[in-house]
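For reference, the structure discussed in these notes is given below.
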Amino acid sequence: MNGQIALKGSLQSAAEKEKPTAEKKVKWGYRHNGYYALKALLTISGFVAAIIVNLVFPQKAAVEFKTYVINTLGLSISLNINDAYIFLLAALILVFLGVGIVSLKDKDKRRKFCKAAAFRFALGIALAVWDIGGTKTQVFAQPFFPGPAQVIEAYLADGEYVVQNTLYSLRLYAAGFSCGVLLGVGTGILIGWFPKVYYWVFPILKITGVVPAVAWMPFALTLLPNSFTAAVFLIVICAWFQIAFLTAQGIQSTPKQNYEAARILGSSQVGLIFNVAIPHAMPDIFTGISSANAMAFTTLVMSEMLGQPGGLGYYINQSKVWSAYYKVLAAIVIMAVLFSLINHIIGRIQKRALRWQEGVLKK
């Protein structure tokens with residue numbers, strides 16, 4: 001009895017000795033409020049530095065800061081392009097502070113917010129350097145690399161027109177990429193499951209898939225009724241090859257024992273396809289969709305430059321003719337934001353569909 005009491009006391013004392021060390025490790029990190037506050041401060045400090053640079057650094061280059069009148073909510077606001085740039089920086093600070101507050105109570109969101117803090121700081125510093133080189137001193141080659149304030153001028157001067165072209169690009173992309181995904185996944189399933197379809201279709205897929213989609217443009221413009229359907233066709237062709245190839249690969253790589261186990265449980269052939277083969281191929285399918293997304297976006301811009309009556313590519317081409325490179329950069333910024341947003345949406349869908357991978361794969 002005395003021995004048990006002594007053993008219990010020794011275990012308790014050992015646990016008490018180890019407890020402070022364990023607590024210390026847990027405390028300092030993204031879960032610690034002080035650490036999180038430092039990361040939030042780092043997040044906004046780059047943009048604060050960009051505002052200070054804009055206000056303090058002398059304007060040496062002869063740049064005209066045009067003033068535009070913005071009508072919103074029944075109010076008319078006069079704003080020059082430099083004030084608009086400062087307003088944008090202040091808005092980014094408020095947005096990231098809001099994201100930090102929203103992420104405060106969620107463990108995963110806290111970790112992601114802390115992880116991205118250094119990049120956001122670097123982004124703010126990059127804007128400050130860009131402001132100095134493109135606006136304050138214009139040491140960057142002009143008019144090819146205007147400063148951020150000049151780029152914002154494109155949104156103030158052509159706001160409605162930019163929105164129209166952006167919506168046109170989104171409509172074209174949505175029509176082409178959604179059809180490409182459906183056709184690619186369907187073709188990949190048929191190729192991967194049926195040997196006869198593989199025999200006849202896969203060689204065609206290999207031959208036509210390596211040809212750049214833009215190379216089919218003369219045929220598309222000649223055979224299809226209008227330029228919009230021609231561009232949709234090009235995006236479909238671009239997405240089809242990548243998605244179909246990886247889908248077929250995923251279907252064919254399904255282990256035989258999975259099918260045998262499903263047959264023992266009474267699964268039909270349709271059940272084997274939808275309950276065994278397709279779920280196993282899902283990682284490959286999403287890899288194909290992610291890869292095709294980048295290629296489809298490139299094809300979208302090129303098709304708009306070569307014959308569409310609208311879109312961001314058309315806007316870039318139109319601006320380039322007049323050497324309005326600040327408008328070109330403004331369109332590129334919108335493209336980058338749209339592409340990042342589309343990638344984020346695909347990533348969220350993928351995370352939902354492949355939630356069984358949580359804790360299995362290395363991140």
Side-chain angles (χ1 to χ4, degrees), residues 20-57 82-136 140 145-152 155 286 290 293-294 297 329-330 332-352 354-355 357-363:
T21 306
E23 286 180 353
K24 187 176 180 181
K25 289 181 180 179
V26 172
K27 278 184 177 180
W28 189 248
Y30 68 91
R31 296 184 182 181
H32 190 276
N33 289 333
Y35 180 88
Y36 191 75
L38 287 175
K39 288 295 184 178
L41 182 61
L42 180 65
T43 292
I44 66 171
S45 59
F47 301 106
V48 173
I51 293 176
I52 294 173
V53 165
N54 182 269
L55 296 175
V56 174
F57 199 93
N82 194 65
D83 292 339
Y85 170 60
I86 295 175
F87 178 80
L88 175 63
L89 292 173
L92 288 173
I93 292 172
L94 293 177
V95 167
F96 286 128
L97 283 177
V99 171
I101 294 172
V102 171
S103 305
L104 191 59
K105 294 183 179 180
D106 188 280
K107 182 181 69 174
D108 293 333
K109 290 181 179 179
R110 282 175 72 109
R111 183 175 65 250
K112 290 179 181 178
F113 182 82
C114 292
K115 188 177 180 180
F119 178 81
R120 290 165 180 163
F121 171 78
L123 179 60
I125 298 301
L127 286 172
V129 173
W130 183 20
D131 188 26
I132 293 172
T135 303
K136 298 295 185 179
F140 299 155
F145 299 104
Q150 294 99 300
V151 173
I152 291 175
Y155 306 129
F286 276 105
S290 299
N293 179 43
F297 209 84
L329 285 175
I332 291 173
V333 170
I334 295 176
M335 287 179 186
V337 172
L338 287 179
F339 183 71
S340 299
L341 181 60
I342 292 169
N343 264 342
H344 178 72
I345 293 172
I346 293 175
R348 297 286 293 184
I349 297 172
Q350 180 177 357
K351 185 178 179 181
R352 177 67 179 172
L354 303 180
R355 56 189 179 276
Q357 291 184 338
E358 291 291 331
V360 177
L361 299 180
K362 181 181 181 298
K363 291 186 178 181

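Here the structure is a predicted model, which means the values were calculated and not measured.
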- Message: Quick check for you: to the nearest 0.5 Å, what is the distance between Gln350 atom CD and Ile345 atom CD1?
- Response: 14.0 Å
- Task: Evaluate the criterion side chain to side chain contact (heavy atoms under 4.5 Å, CB included) for residue pair Val95 and Phe47; output intermediate values, then yes/no.
- Result: CA-CA 12 Å; Val95 167; Phe47 301 106; over 6 Å; no
- Task: Looking only at non-hydrogen atoms, find the nearest pair between Gly46 and Phe121 and report the distance.
- Result: N-CD1, 3.5 Å
- Query: What's the shortest heavy-atom distance between Arg110 and Arg31, and which atoms?
  - Reply: NH2-O, 3.0 Å
- Query: Can you find a heavy atom in the side chain of Asn343 that is under 4.5 Å from one in the side chain of Phe297?
  - Reply: no
- Distance-only, no hydrogens or angles: does the Tyr85 side chain make a donor-acceptor pair with backbone N or O of Val151 under 3.5 Å? no
- Task: Flag the pair Leu92 / Leu123 as yes when at least one side-chain heavy-atom distance between them is below 4.5 Å, and no otherwise.
- Result: no
- Taking atom CG of Leu88 and atom CD1 of Ile51, what is their separation to the nearest 0.5 Å? 9.5 Å
- Item | Value rounded to 0.5 Å, distance of CD1 in Ile334 from CG in Leu341 | 13.0 Å
- For the side chain of Trp130 and the backbone of Ile125, is there at least one donor-acceptor N/O pair under 3.5 Å apart? no
- Query: Under 6.0 Å from the CZ atom of Phe140, do we count more than 12 heavy atoms belonging to anything else shown?
  - Reply: yes
- Item | Closest heavy-atom pair and its distance - Gly100, Tyr36 | O-OH, 2.6 Å
- Message: Quick check for you: to the nearest 0.5 Å, what is the distance between Asp131 atom CG and Lys136 atom NZ?
- Response: 5.5 Å
- Query: With distance as the sole test, does Arg355 use its side chain to make a donor-acceptor pair with the main-chain N or O of Arg352 at under 3.5 Å?
  - Reply: yes
- Query: Taking C-beta and beyond as the side chain, do Asn293 and Phe339 meet within less than 4.5 Å on heavy atoms?
  - Reply: yes
- Item | Ala128 versus Ala50, closest heavy-atom pair with distance | CB-CA, 3.9 Å
- Query: Roughly how far, to the nearest 0.5 Å, is the CD1 atom of Ile86 from the CG atom of Asn54?
  - Reply: 4.0 Å
- Task: Using a 4.5 Å cut-off on heavy atoms from C-beta on, say whether the side chain of Phe286 contacts that of Lys351.
- Result: no
- Message: Looking at every heavy atom in both Ala149 and Thr135, which two are closest together, and how far apart are they?
- Response: N-OG1, 4.3 Å
- Message: I'd like to know whether CZ of Phe57 has more than 12 heavy-atom contacts from other residues, nucleotides or ligands below 6.0 angstrom.
- Response: yes
- Task: Output the distance between atom NZ (Lys39) and atom NZ (Lys115), rounded to the nearest 0.5 Å.
- Result: 11.5 Å
